[in-house]
Structures are given as structure tokens and as C-alpha cells.
Number of protein chains: 2
Amino acid sequence: MARKRFDDSNCSVARALNQVGDWWSLLIVLHAMYGTRRFVDFQQELGIAKNILCDRLARLVENGVLKKVDVGEHGSRFEYRLTEKGRDLFPVVIALRQWGDKWNPAPDEAPLDLRDRATGQPIQTVEVQNAEGKPITVRDVFVSGEPTLGSKKDPA
Amino acid sequence: MARKRFDDSNCSVARALNQVGDWWSLLIVLHAMYGTRRFVDFQQELGIAKNILCDRLARLVENGVLKKVDVGEHGSRFEYRLTEKGRDLFPVVIALRQWGDKWNPAPDEAPLDLRDRATGQPIQTVEVQNAEGKPITVRDVFVSGEPTLGSKKDPA
DNA sequence: TTAATCTGGTTTTAAGATGCAACCCTATTC
DNA sequence: GAATAGGGTTGCATCTTAAAACCAGATTAA
């Protein structure tokens, strides 16, 4: 049988994964954030098959994560650019990168040193904060109106 | 051919996606954060096929995201609990949830109201911050030693 | 104590997804 | 006018997935 879809799931995480939760989509978004815009560049940087890239780009455009811009001075040259919705995936990508850097570091390579252009300083680790700006974990969170997260007995 | 794997990619995002980047793994982690621990509970909550769940749980255990704990008073009852590595995916999951809530809201359902246990207040939106704690976007970030992110010409 | 049930898991089967290579069409370059 | 680059589509072999059947060890029910 086919892969399941979650368009209509009542879980927003499932719906999000439906749009960017496959192997390639998030990597395409990542490279788009790096400035990649052209079909061939995505193809070469990612080492992805052309038909798959075609399909993923089309799906990302369809979902409003990318927009296809005709930059053909004469009609057949395109760029794929992030929309605001796509750019809004920034915290997701950064959080994932930091998690990867922390838990699966490259054996002989330093992690990317991302810095803020205004200050020249490295960016902070992405964290979940409470209303006062204090970092919190899974165990500190509950769903309003439901039992505490992760605490059927005792978290994890 | 099979799906590509990125174990050895020099990109930590790719390596991260290799571990939790398929359709089910992050949902399993999410439900684990909700407190789910047992095979049958995962299966019922997610509506996932048993063989796939088996495979995903095994892979998550193998990758150190979950640990399999034998709680069988007599030997054949297990729980799958988040490790610290797994719990550390919290910002990723929350960022993804917030993105989904913002851009793909459920038509007739309010998004989950997650709150901090200490203050009772809703948690903040996950964002990327610079060293001073100010929120920044893709366009504000550059890779130390490389051209500015997203600015081969002008971002997105 | 024997039967029914729960749990966690493997096997089988088919429908889908993926990767690769080959081919196409429209510019542009030489 | 031929070669090349960009952006796709098509076919095919291979791998993954979903669903359901099947299994074996514990536990509970009768």
C-alpha cells in the first residue's frame, strides 16, 4: 500500500510533516536558505535525481513554501525562491542543525559557525522558552486542559 | 534504487534527517513526549502498521533517541522511553508544531495550547536569536568564513 | 487447567516511491 | 549549423510501505 498522508490530521505536526517531512524537502529548503535558486544547482548540490527534484520542487511550490519565478530573459529560465512561509522554517532548520551538531557531530569537521550579521556573534542555541524567556524542557510543559505532557507517570 | 542515506554527509541537517527525517519517526518522538511508551499505544494513537512501527522503534533505539526498557515483571513487556538525545528534539518538534499551526491551521480546531507548568502561561514562539537575545531571520545570518546566507543576490 | 486475550513482533503481498539513464524541447554559444 | 546548458518527462528495476495474516510467550478468565 501507499504511504500515508496526513493532510487532514488534527495534529499540526503531522500536517507540517506532510509538507516538508520527506527526505528531500527540508534539505531543499535548507539549500534555498543558503541562496540556491536554480534547478541545476539544487541538483548538483544535493545529488538528487532530476525527476525527484522536479516532484519535490513542484510540491513545495504547491504548498506555498517556494515560489517559481520566471527569470527567463526570454522565457525558459526559472528560479525557486523561498516564500515567507518557507523562510519561516528557519527555526526548524536551525534547531535540527543544532541537534545534529550536538548529537551526531561530524567526525573530523567543525560544525557550521552561523553568525548574526549585525553583531558578528554566533547565534544562540534554539530553545523553547516560557513567557518570561526562561528555557524549558518537555517536562515543564502541559497541554492546557489535559494531563501534563510526558507525565502519565514520570517523563521519559 | 533505494532511498539515499546521509549518514556520512558533511551536513548535520542531512545527518539529523537520516535519524528522524522520515514520516513516522518524529511523530513517534512527539507522542513519546506526550507520554506514550508502549508498543500498542503508539500503534493505536498513530494508526501505524505494526511492522513499520517495529522498524521505526528499532531504528530510534539504535540511534539513541529512544531506549527500550524491559518493564516486564515477568519478562516480555517493554517501554520505549526518550533518552536525553530524544528529549533534546523538543525545540525541533515545537518549532515544527508552531509552523504548522501558523501556516496550516486546522480548519475548525484551535491549536494545542501548550503552557509552562511553572507560570501557567503559554510558551513563547520558538525563534532564532542572536547573542543579545534578539530574534533574527535567515537574512540576518551568515556562515563565518563564507558568503552571507541567502544572499548570492538577495534573499528569497 | 484449558481457553481466550494481550503484547510485541515477523511474514506475505500489493501498491507506491525512488534512482538512474535515456530522451525531449527550447534557448544560447561557438 | 552543431554543440551545449537548462529544465523536464518517460521507462524500468529496485526498494519501501501498508495492511492483514500469522506466531509465540504471558496473563487473565472460566
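On a predicted model such as this, the values are computed, not experimentally measured, just so you know. Just so it is clear: chains get the letters A, B, ... in the order the sequence lines come, proteins before strands, and each one is counted from 1.
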- Note on the structure: Taken to the nearest whole Å, CD/B/Q44 to C1'/D/dA19 is 16 Å
- Nearest-neighbour nucleotide for the A/F39 side chain, C/dG8, D/dA18, D/dG8 considered: D/dG8
- Query: Can you name the side chain to side chain contact (heavy atoms under 4.5 Å, CB included) partners of B/T119, sequence neighbours left out?
  - Reply: A/N130, A/E132, B/D116, B/Q121
- Message: Quick check: closest heavy atoms across A/I28 and A/R56, and the distance to 0.1 Å?
- Response: CD1-CB, 3.6 Å
- Compare every heavy atom of A/T36 with every heavy atom of A/F42, then report the nearest pair and how far apart it is. CZ-O, 3.4 Å
- Item | Under-4.0 Å side-chain N/O to phosphate OP1/OP2 contact, B/K50 with C/dC6 | no
- Quickly work out the A/D22 CG to D/dC15 C1' distance and round it to whole Å. 16 Å
- Message: From C-beta outward on A/A49, which listed nucleotide comes closest to its side chain: C/dG19, D/dG6, D/dT17?
- Response: C/dG19
- Item | Nearest heavy atoms of B/P105 and B/D101, plus distance in Å | CB-O, 3.5 Å
- Hey, does the side chain of A/W24 come within less than 4.0 Å of C/dG19's phosphate (OP1/OP2), counting only N and O? yes
- Residue-phosphate contact under 4.0 Å: A/R77 side-chain N/O, C/dT28 OP1/OP2: no
- Using whole Å, report how far CD1 of B/I52 lies from C1' of D/dC15. 12 Å
- Note on the structure: B/L57 CG to C/dT7 C1', in whole Å, measures 13 Å
- Query: Taking only N and O in the side chain of B/R56, is any of them less than 4.0 Å away from OP1 or OP2 of D/dT17?
  - Reply: yes
- B/L46 has an atom CG; how far is it from atom C1' of D/dA19, in whole Å? 16 Å
- Message: I want to confirm an ordering. Mapping A/N51 and A/K68 to their closest nucleotides on DNA chain D, which one lands closer to the 5' end?
- Response: A/K68
- Nearest-Å distance, CZ (B/R37) to P (C/dT7)? 16 Å
- Please report, rounded to the nearest Å, how far the P atom of C/dA17 is from the CD1 atom of A/I48. 15 Å
- Note on the structure: From CZ of A/F78 across to C1' of C/dC25 the rounded distance in Å is 12 Å
- Would you indicate, yes or no, if D/dG6 has its OP1 or OP2 atom less than 4.0 angstrom from a side-chain nitrogen or oxygen of A/Y80? no
- May I ask you to say what A/D55 touches in the nucleic acid, namely base, sugar-phosphate or nothing, with a heavy-atom cut-off under 4.0 Å? nothing
- Query: With respect to the side chain of A/R38, which nucleotide from D/dG8, C/dG8, D/dG6 is positioned closest?
  - Reply: D/dG6
- Determine the sole option in A/D88, A/N63, A/T83 for which the side chain to side chain donor-acceptor pair (under 3.5 Å) test with B/W103 is passed. A/D88
